[in-house]
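One structure below.
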Amino acid sequence: MSAVDETTETAAESVEELGARARAFIRANLRPLGRGGHRDFARSVVPDDEEIASVTRAREIQRMLWDHDLAGVCVPREYGGLGLTPAHQQALNEELAGYEFPYHLQTPTMSPCMAVLLDFGTHEQKLRHVPAILKGEEIWIQFLSEPSGGSDVAGALTTAVRDGDEWILNGSKVWSTGAWWSDWALCLARTNWDVPKHRGLTVFMFPIDQAEIEIQRIEMLNGNKEFCQEFMTDLRVPDTDRIGEVDQGWTVGIGWMFHERMAMAHNEPVITWPPVGGHGIYGAGLLVDAARQAARLDDPLARDLIGRGYTTALVGDPLQRRLGEGIAGGHLSDQAASIGRLYGWEVMKAMLTIPFELAGATGAAWDDDDGALYGTGHAYMVRQAIAIAGGTIEMARNVISERVLGMPREQSFDREVPFRDVPRGPTS
Amino acid sequence: MSAVDETTETAAESVEELGARARAFIRANLRPLGRGGHRDFARSVVPDDEEIASVTRAREIQRMLWDHDLAGVCVPREYGGLGLTPAHQQALNEELAGYEFPYHLQTPTMSPCMAVLLDFGTHEQKLRHVPAILKGEEIWIQFLSEPSGGSDVAGALTTAVRDGDEWILNGSKVWSTGAWWSDWALCLARTNWDVPKHRGLTVFMFPIDQAEIEIQRIEMLNGNKEFCQEFMTDLRVPDTDRIGEVDQGWTVGIGWMFHERMAMAHNEPVITWPPVGGHGIYGAGLLVDAARQAARLDDPLARDLIGRGYTTALVGDPLQRRLGEGIAGGHLSDQAASIGRLYGWEVMKAMLTIPFELAGATGAAWDDDDGALYGTGHAYMVRQAIAIAGGTIEMARNVISERVLGMPREQSFDREVPFRDVPRGPTS
Amino acid sequence: MRWELTSDQQFFRETTARFLEDQVPVATLRALRDDPLGAPPDYWRRGAELGWTSLLVGERLGGGSISDAGLVDLTLVAHEFGRHAAPGPLTTANVAVAALAAAGDAHAAAVAAVVAGESVVSWAYGEPIPHDGFGTVTLEVRDDGDSVVVAGVKRPVEAATQADAFLVTGRSGDGLTQVLVPADAVGVAITPLTTVDLTRRCGTVSFADVRLPASAVVGEMGGAAEQVEHQVRLASVLCAAETTGAMQRAFEMTVEWAFERYSFGRPLASYQALKHRFADMKMWLEASHAASDAAADAVAEGAVDAAARASAAKAYTGDQGSELAHECVQLHGGIGVTFEHDLHLFLRRITLNRSLYGTPADHRQRLAALLIAREEAA
Amino acid sequence: MRWELTSDQQFFRETTARFLEDQVPVATLRALRDDPLGAPPDYWRRGAELGWTSLLVGERLGGGSISDAGLVDLTLVAHEFGRHAAPGPLTTANVAVAALAAAGDAHAAAVAAVVAGESVVSWAYGEPIPHDGFGTVTLEVRDDGDSVVVAGVKRPVEAATQADAFLVTGRSGDGLTQVLVPADAVGVAITPLTTVDLTRRCGTVSFADVRLPASAVVGEMGGAAEQVEHQVRLASVLCAAETTGAMQRAFEMTVEWAFERYSFGRPLASYQALKHRFADMKMWLEASHAASDAAADAVAEGAVDAAARASAAKAYTGDQGSELAHECVQLHGGIGVTFEHDLHLFLRRITLNRSLYGTPADHRQRLAALLIAREEAA
């Protein structure tokens, strides 16, 4: 499965040419990242006005990429992309090392949302949304997880009922990133309760800014309010905004999961993201920043931790490339994307844990003058979010053992029975 | 469940008095352990003559303990013991730190074998064997695991068929320690194939040196031949050497497992074993010996490893004491012994891994002059034996989650069907 | 916590538990998030009436213990503090008052005020980067005739903005000196830090040539090394006991969740991959209980292995407490990382205790030094 | 190993695989356990004919590669060596001959003999405790007019008792010097070591003022540092590739076992706790493939991150290879620790590669130094 048009004409531009063009653009237009003092969702609470400002900046950068023919490197030309190869995208990514990039528009907008649209949308649906996304005009989110659902996204309780040319949606979704500053949503809903769970789902898309959608922001333990919960009450969606067939939404859902895992693994050709081995927001360089701030650059124990983190990061990029190539070349099933998702957690765990370990007591108590050690305790405490959001690591391990290695499936009590009869708790 | 007679009369001797007496005996009679150059089953191949010599020495020490009223501290007086408390045994253990002790007679002889006999044997059976064991005259082994069995010891295929006042045994047992220098065996056999597996087992005891028992020594990957496999062909055992009721052997088996776990955890009051936090064969002191030999005593990374190992060892003794007291006091189920078995692995893993890590390249290639680093690579490679023998750590985790925490049992296909119908492989 | 308590200990523990349930339920803890003191009014004084601050002080100075070993009794309070993620400077205030009491009658008035809960004295030990290596003391205490001069910076100091005075550990040439410095002394500056815990606060306290009468010295000038070492052990024991209580609570919540939460039509508790992780957690939890109880006994008795047992308990609960808390979050899924859920209260407490008074890595270095010394002597 | 090979590479790899299956099946490996050379007669020479020793040597000196990158081709051989736990000094001999060839025509005859498999030259780099810190070189090479004098001890040296000569890395004042020393030179003493591997042997080689003509120097006197650094990278890449092959084989054996072995009436492969561990192992395995292939590319191309990629591959495969091999043993149960079973052949190979040419901890220190230098320069 791939969001990339395999039939694209031979690339007019070489990888090196694109890289050179990207380098020139970046140096002329983008701001280099500062050293130390990384403030991100994990370490600190970003005030709303700053958050809005960075979303606005991300839209600007995306528009500049569009204007300079650097947006949608792997997206087919008919939908506004360049129709080039993953290697071209990688050349752009590598040039971005150390520079700002349109962080807020990558995941979930480019993938899984746009990737799902490219795989399953109609020609008209793609024409309407893909160029808008590539210009930075539409930011998308996923209406996927539900409060009761945990790892079982196919167990969606959000219900869509047909009413003429429209559908009426009711239910609640959760863990969408930044719903309050996003434009469109991709939503998995139940359209049939009388069949087993995978056979009664349908996918819809709709604008978020509607009276029938109430957005509540979820406060994470570190005070961050990036994630939201949404409540849909009699939300009407035209049938033309349905993606895929009625009750066949799990076909779309499987592709959706695939792209989500690839995105979590930073292994999606439609995503623009600098390599993690480099410096930058989650690059290994931040470990050196932390050790320097802790005055431990010469401490063998600190160096051991830096070496561990750098190893983890350095292995990440080639692994994701190997998985991508293995899937594209038919050496691996699509499901192997879960390996990348699991490894993505290894990298982030190292990046969120090691600075805390380097910080000593400053990891528990800090102030504004602590530079790269600011908020390392928050980052450490919230780190499991990365092992949960975007599909838990437990689900990834299930998928790897069952779908990649072919081991027997876990016993389940929801596969053969109508969804309304599935046990949902100790008393049911 | 306890091998200790709860009704014993009030101890005539205080813990301190016994400790003082033990100290005097030990200093007068036992050899202090040398420093460095630990040669054990994991690091090196002990030649057979050396092995026999140490077994003989172990019997001598046990006999000296007997002669000095220090054998069987917690064993009832009527069977030759002192009828004292676990605290008395602990006082003896602590005095043994740094001295030789009758290693070869502790496990499986004292526990699980003697402990099972004390729990389930008849008065006559105990009178016949327990004093002999305490004098060092009988070394026992377990005929428990089978080549096909893995973790499922209750799935025994060794069969016992009744013939008048005797039983005829056929089958194979494996992973018995030092069968070739031991005297008696405790054996779990199937006496009924037409009932579910736990309901058709019976326990027997018999001398090992018989023509109907063929002993093959198993070579471990490090060249050590401590373990054996035995083949029984028409072995006749009198019914008076049956322990427990016919077909009720799993009742004995549950006690047997319990004592095996307690023994693996060095948490059996009938076992004499110096504390692991000290120095001695697997004491934390060996980590210092290894670091000294590696000339890394001042290396912070080496010290971190030493600190890790020492922490693991120091926590071990109080944990085992806590579990023992918790079980004895009714705060924990007997099944909590599995926690101690699991932790015992943590300690041994540290003791077998850290010296290898300290050794650097010497861990892969050594000679006779390498002192405490001799054979660390062998010890490292064979370390999982400790996580397998005496009940795997996987079984321990099953027991802790299911029997201690009360979580749902794993689905099994062998609980309700006659044992002969249980699937044993992909084709059955 | 140990299996068997005397009935007096049991009553003492339950009194504190009931008080905490009543005074600082989780809703109150959340509400205290931005409160400068991080505790309800009069909370600490009433806790002191229950005995929270008197257990390491001898009877002659107004203290007393429930059993023979006041430190063991105090770990019962610490355990309940962990179970309830309770506010209050329990560790730092007790370590400080133990030091004041150990100096005899010289600071009897200060001791009495602390014991009564009318005053908080906080131990100021750690120093800022680059002097934050565990055990490093660079703050200077100068003898100047009838007065002493204190110069340097301490960080993090628990309850910095709440304390009435600080027990400051400083250096005088080759020796260590401890000084009781009022928070309002001229030259003392206190700035708050953002702290991982919801109610326990830390700050930076700087001493700009603070001049005090010589009587402010606690113990002998330059002769405090042994006392400071004892304080490290006390703090380690109390952190370990409190962390164990927090682990216990987080674990119980998560076991309960595993039975109630269904996924794919089955409770989480029925999945073997999770069951095995619960088994490991149960082992860490029981080992933490055992390690911290053994450390309390050893330090209370002044056993030869007291330093090692205290550091082993601190290192073990620090590492395994964090692992357990992260596993509990993971097993809860998304709800586990929200502020709305209670789990983070315990994760925070575990994280704070791990970081203060020596990280696990710091204590491993101590343990290695202790073991090497023991082996070299053997 | 990479997904896509050219047909030439594929043919080359298969030729070696078939040769190894034919010449050194596991029964043969077991039989070689006590053999002094650890290999069948003529095995190495015939392997050399297949190209095992020529890939890092330019065509002018009799070598040549299958693709553009001889090192990449050589990792295909190393991978098969790992999969078969094959005997032979593959890493050490190739690193040594690459160094000889890099010195131009000076050692053409020695190069030709190695390429033909008629001679084995082994790289003597590491030194005994207390000089065993990775990268430490204390062996002395003295310039003495027309001759050089070599004094010191090297350990462990692969194939020590088998080698015809040693490429010895030594120190000359501030610089490094490499010397080609015949094994039978006066003053050379070789003593075997017990080695974890079944067929690959190590020994200690001491040089008691061994005097050789100045022409024995490889490269410039005192100017070998850069070449030695390149050798460390080559050895790291080859160890990583070989270890990945051994991991692949151990993993395949264990997956197969999990499907065939029944416990409690179910295959092991149906237990979720084990399935999740297999998932982690699969991740380590794919990551090891990726890391070692990326390292081979980077070193072959002389990329700016070549040193970091080589060390990351060595560290990652060293740690994760050992973890995977131990997990495979554990999942096999008792049979997995026996000599009778094949699994230990791969565990041994992984353990040896982990320990030679820098342990994972050594390479982490290198990686930290590289990253710090990069960041300081940025």
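Every chain is numbered from 1, with letters handed out A, B, ... down the list of sequences.
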- Query: Of all heavy-atom pairs between B:Pro423 and D:Tyr262, which one has the smallest distance, and what is that distance?
  - Reply: O-CD2, 3.8 Å
- Item | Residue D:Pro130 versus chain B: region with a heavy atom under 4.5 Å | both
- Query: Got a sec: does the CD of D:Glu340 have more than 12 other heavy atoms crowding it under 6.0 Å?
  - Reply: no
- Message: Measuring from atom CZ of D:Phe264 to atom CE of B:Met395, what distance do you get when rounded to the nearest 0.5 angstrom?
- Response: 4.0 Å
- Between D:Thr195, D:Thr194, D:Thr204, which has the largest tally of heavy atom pairs under 4.5 Å with chain B? D:Thr194
- Item | Over all atoms of both residues, closest heavy-atom pair of B:Gly377 and D:Val196 | CA-CG1, 3.9 Å
- Item | For the student: nearest non-hydrogen atoms of B:Tyr380 and D:Ser322, plus distance | OH-CB, 3.1 Å
- Max heavy-atom pair count under 4.5 Å with chain D, selected residue of B:Val417, B:Asp299, B:Asp370, B:Thr392: B:Asp370
- Which bit of B:Trp175 is near chain D, if near means a heavy-atom gap under 4.5 Å: side chain, backbone, both or neither? side chain
- Query: Sub-3.5 Å donor-acceptor pair from the side chain of D:Arg155 to the main-chain atoms of B:Ala365, do we have one?
  - Reply: yes
- Message: Can you tell me which portion of B:Ala154 sits under 4.5 Å from chain D's heavy atoms? Options are side chain, backbone, both or neither.
- Response: neither
- Interface check, chain B: of D:Arg354, D:Glu260, D:His326, D:His344, most non-hydrogen pairs under 4.5 Å belong to D:His326
- Message: Distance check, rounded to the nearest 0.5 Å: B:Glu357 atom CD versus D:Ser355 atom OG?
- Response: 10.0 Å
Output a table of donor-acceptor pairs, distance under 3.5 Å, between side-chain atoms of residues 330-337 of chain D and any protein atom two or more places apart or on a different chain; print 'none' if there are none.
unit_1: D:Gln330; atom_1: OE1; unit_2: B:Gln384; atom_2: NE2; d: 2.7
unit_1: D:Gln330; atom_1: NE2; unit_2: B:Ala387; atom_2: O; d: 3.2
unit_1: D:Gln330; atom_1: NE2; unit_2: B:Glu394; atom_2: OE1; d: 2.9
unit_1: D:Gln330; atom_1: NE2; unit_2: B:Glu394; atom_2: OE2; d: 3.4
unit_1: D:His332; atom_1: ND1; unit_2: D:Cys328; atom_2: O; d: 2.9

- Query: Which bit of D:Gln365 comes within less than 4.5 Å of chain B, counting heavy atoms only: side chain, backbone, both or neither?
  - Reply: side chain
- Which atom names give the shortest non-hydrogen contact between D:Phe259 and B:Pro426, and what distance separates them? O-CG, 3.9 Å
- Item | Contact summary for B:Asn222 and D:Arg348, nearest pair of heavy atoms | N-NH2, 4.5 Å
- Between B:Arg397 and chain D, which part of the residue has a heavy atom less than 4.5 Å away: side chain, backbone, both or neither? side chain
- Message: I need the D:Arg266 CZ to B:Asp152 CG distance, nearest 0.5 Å.
- Response: 12.0 Å
- Between B:Ala295, B:Ala364, B:Gly360, which has the largest tally of heavy atom pairs under 4.5 Å with chain D? B:Ala364
- Item | Spacing of B:Met381 atom CE and D:Ile350 atom CD1 [to the nearest 0.5 Å] | 11.0 Å
- Task: Below 4.5 Å from any heavy atom of chain B, which atoms of D:Thr359 appear? Answer side chain, backbone, both or neither.
- Result: side chain
- Where is the tightest heavy-atom contact between D:Glu323 and B:Arg383, given as atom of each residue plus distance? OE2-NH2, 4.0 Å
- Query: Contact part of D:Arg30 toward chain B, heavy-atom cut-off under 4.5 Å: side chain, backbone, both or neither?
  - Reply: neither
- Contacting moiety of B:Gln293, where chain D heavy atoms sit under 4.5 Å: backbone
- Note on the structure: dist B:Thr362:OG1 -> D:Ile129:CD1 (nearest 0.5 Å) comes out at 3.5 Å
